Amino acid sequence: MESRTHLCGAVTVDDVGQRIKVCGWVAKRREHGEHLAFVDLRDFSGIVQCVVEGTVDVRSEYVLQVEGTVQLRPEGTSNDALSTGMVELHDCTVTVLNIAEPPPFSLDERAEVDEPARLRHRFVDLRRTRMQDNLRMRAAVNRAIRHAMDAQGFCEIETPMLWAPTPEGSREFAVPSRQHQGRFYVLPQSPQLAKQLLMVSGFDRYYQIARCLRDEDLRADRQFEFTQLDLECSFATEAEIRSFVTEAVLDAAQAVLGERPEYPVTMTWAEALDRFGTDKPDLRFSMELLELSEVFAHTEVKAFSAPTVKALLVEGGGAMSRSALDKLVDRAKELGAKGLAWFKISDGGAGLELESPLAKVLTDAERQGLFEVTGARAGDLIVVVADQYRLACNVLGQLRVELGGKPVSEGPYRYCWIIDFPLFDGTDAEGNPEAAHHAFTMPHPEDLHLLATEPLKVRAQSYDLVLNGWELGSGSIRIHRADIQRQVFAAMGIAEEEGTARFGFLLNAFRYGAPPHGGFAFGIDRLVAIFAGENNIREVIAFPKTQSGADLLTGAPGELSPQHMAELGLRPVPKAT
RNA sequence: GGACCUGUGGUGCAGCUCGGAGUGCACGCCGCCCUGUCAAGGCGGAGGUCGCGGGUUCAAAUCCCGUCAGGUCCGCCA
């Protein structure tokens with residue numbers, strides 16, 4: 001005899017009359033004296049009500065097997081909130097499979113629980129419907145992605161977790177070697193180099209749902225360990241690669257949301273920055289950046305004497321209090337702006353009027369230009385940042401989301417592709433351009449001639465996928481030819497020997513017939529969080545770490561025994577005081 | 001590395017400005033009552049190092065300084 005015949009949430013009116021067995025945890029017990037008691041039994045699928053004619057010695061979260069007869073509930077006692085609300089179990093034989101202490105917090109969905117408490121008792125927290133649903137949704141997303149990649153001819157290949165230190169962008173986790181004391185493996189920040197080697201090997205289309213590790217500070221959307229769909233393919237154009245990824249993310253959405261989101265729009269990096277002030281625009285709302293540079297081109301106002309003057313129109317923002325505006329100014333400064341000018345718009349009878357510390361110093365033409373460009377109406381607020389172009393865009397782009405946006409997880413789901421990124425993003429301490437993506441990114445063919453002369457103007461064949469203002473991932477066409485790689489290294493001030501030292505095994509492999517190739521990787525944690533309606537990826541990770549990188553359940557990071565340390569050739573350094 | 005917010009019985013909160021006995025609310029827990037409830041209901045009870053340390057004061061959950069933990073963000077994250 002099997003121990004259960006039905007899942008709790010799957011008992012229906014079709015089962016009426018049958019003798020069935022269910023297993024689960026006691027969600028709730030309601031006693032009505034010595035003749036009647038109700039036990040709500042819960043498993044991941046839902047709750048079924050068991051009617052006990054008498055008393056029953058069970059408590060919350062006891063683990064039970066209940067054998068009972070399915071009956072329709074008496075007239076007027078059905079419960080619409082339950083999938084099984086029309087039925088209940090009678091003549092129950094209750095077997096206590098295990099007792100349980102009272103849970104450390106309520107498992108009821110309506111209860112708000114302190115996150116540290118949830119993390120300390122994650123095994124209980126994961127019993128809750130929310131977490132069950134999130135992790136099962138994650139499994140469904142993985143399944144859909146695997147299916148999509150398989151259907152598009154990709155081959156799943158695993159790559160090592162113990163890899164060689166290859167200083168790239170992010171800080172790597174190091175693993176000391178026992179057999180080679182004083183030497184270290186690192187955990188991969190991504191399978192980037194491995195998958196490029198696989199292209200040289202002729203695997204043509206590779207993918208992997210890969211764990212990546214980066215020893216950088218944590219955020220709501222960042223954990224040390226995260227999971228990416230990592231893919232690479234040979235002999236494919238940039239557009240083809242984006243199409244492969246698009247299929248995967250649209251299929252994933254369809255699998256868990258039941259409908260296919262709009263096909264992603266494609267926008268250049270330059271356009272995204274100009275219109276939305278960011279390379280990860282949230283396209284669910286407009287409120288685009290407004291260009292005031294012309295209006296203030298010859299201004300006497302010091303605050304606006306800058307290469308770029310841009311603004312946001314906050315409809316209805318005129319109602320903001322002075323202290324709220326002060327906070328906004330502080331926020332702009334935190335984001336790097338020198339300041340933030342604001343103008344409340346009101347109707348003065350004879351036309352629109354400005355209320356602002358700067359209202360008096362504007363000329364009539366500037367005032368007029370401000371109204372014309374923004375199209376502001378009474379009750380609105382205009383905020384203005386004047387600065388270098390990139391900075392002004394970035395600050396307003398961030399404020400745009402904070403003033404007009406909504407949580408990332410709320411629909412609709414608006415994917416977009418951002419293309420034509422700059423190859424280099426600023427310069428390092430020695431004035432050398434730094435790779436925006438990585439050092440193997442293929443320059444835009446039309447811009448190759450600028451590499452030596454104006455490297456910061458070179459566009460890259462790289463592309464990001466963005467969903468509702470979150471960067472899901474990025475990819476690029478890689479450099480497969482040694483001559484172009486030399487040019488890029490030269491532009492970055494990397495001597496040939498240095499490039500060889502850092503990436504030697506890859507460059508060496510490229511000498512043996514590297515095909516043209518490119519790829520992509522996107523964060524599955526972020527994708528699932530958005531689909532699950534969560535604003536934090538910890539909610540879609542079974543055992544996440546806190547912002548300081550601690551695991552409150554296991555106590556990690558922990559200490560090693562002196563013996564273990566010695567075996568690894570490690571000696572604790574006294575803490576600096 | 002930095003900014004801000006939070007920390008009060010098992011859980012969620014109030015109390016903190018303006019110092020006066022661990023004061024209050026809801027849930028949970030324990031006991032009793034209750035034959036149709038479903039976040040059941042009624043009565044009773046237990047449960048506290050107010051994160052920790054120091055300072056001010058006759059007196060500190062409350063004011064000050066430091067520190068720890070958690071969160072959000074800046075830096076960082078090719």
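Quick caveat, the model's predicted, so the values are computed rather than measured. We name chains A, B, ... by the order of the sequence lines, and we start the count at 1 in each one.
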Distance, [atom1] atom - from [M] to [N], rounded to whole angstrom:
N	M	atom1	result
B:A60	B:G53	P	14 Å
B:A46	B:A40	P	25 Å
B:A59	B:C32	C1'	43 Å

Below 4.0 Å: OP1/OP2 of [N] and any side-chain N or O of [X]:
X	N	result
A:K28	B:G28	yes
A:R30	B:U37	no
A:N536	B:U72	yes
A:Q547	B:U72	yes
A:S548	B:A69	no

Taking [X] first and then [Y], would you say they form a salt bridge - that is, a charged N and a carboxylate O separated by under 4.0 Å?
X	Y	value
A:K280	A:D464	no
A:E539	A:R130	yes
A:K28	A:E61	no
A:D387	A:K338	yes
A:E101	A:R59	no
A:D114	A:R118	no

Is any side-chain N or O of [X] under 3.5 Å from a base N or O of [N], one able to act as donor and the other as acceptor?
X	N	value
A:E88	B:G36	yes
A:R214	B:C77	no
A:R331	B:C4	no
A:R59	B:G28	no
A:E53	B:U35	no
A:R29	B:C38	no

Please tabulate the protein-to-nucleotide N/O contacts below 3.5 Å involving nucleotides 7-9 of chain B, giving atom names and distances.
none

Side chain of [X] only, heavy atoms from C-beta on: which candidate in [options] is closest?
X	options	result
A:T546	B:C38, B:G28, B:G70	B:G70
A:R222	B:C73, B:C76, B:G36	B:C76
A:H32	B:G70, B:U35, B:A39	B:U35
A:P116	B:C73, B:G36, B:G70	B:G70
A:R538	B:U72, B:C76, B:G75	B:U72

- [ ] Examine A:R478 relative to A:F510 and say whether NZ or CZ is less than 6.0 Å from the centre of the six-membered ring and inside a 45° cone about the ring axis.
- [x]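 No, A:R478 and A:F510 do not form such a contact.
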Spacing between [X] atom [atom1] and [N] atom [atom2], to the nearest angstrom:
X	N	atom1	atom2	result
A:N79	B:G36	CG	C1'	12 Å
A:K327	B:C5	NZ	C1'	11 Å
A:L472	B:C77	CG	P	20 Å
A:D330	B:C74	CG	C1'	13 Å

**Item:** side-chain hydrogen bond (donor to acceptor under 3.5 Å, both in side chains) evaluation trace for A:H35 with A:E53
**Value:** CA-CA 5 Å; A:H35 299 295; A:E53 313 277 348; over 6 Å; no
Polar pairs (N or O, both sides) under 3.5 Å between protein and nucleotides 10-15 of chain B?
unit_1: B:G10; atom_1: O2'; unit_2: A:P104; atom_2: O; d: 2.6
unit_1: B:G12; atom_1: OP1; unit_2: A:D114; atom_2: N; d: 2.7

Now, which nucleotide makes the Watson-Crick or G-U wobble pair with [N], with each of the two distances under 3.5 Å?
N	value
B:A39	none
B:A26	B:U11
B:A46	none

- Do A:Y463 and A:F421 have their ring centres less than 6.0 Å from each other?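 No, ring centres 6.0 Å or more apart.
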Would you please indicate if the ring centroids of A:F38 and A:H32 are separated by under 6.0 Å?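 Here the rings of A:H32 and A:F38 have centres that are less than 6.0 Å from each other.
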Using a heavy-atom cut-off of 4.0 Å across all strands, would you classify [X] as base, sugar-phosphate, or nothing?
X	answer
A:P74	base
A:Q189	nothing
A:S60	sugar-phosphate
A:S78	base

Map A:L552 and A:E334 onto RNA chain B by nearest heavy atom, then report which one ends up closer to the 5' terminus.
->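 Counting from the 5' end, the first nearest nucleotide belongs to A:L552.
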| field | Test item: side-chain donor near acceptor, A:T278 and A:Q398, under 3.5 Å | value |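 No.
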Roughly how far apart are A:I537 CD1 and A:L527 CG, rounded to 0.5 Å?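 A:I537 CD1 to A:L527 CG: 12.0 Å, rounded to 0.5 Å.
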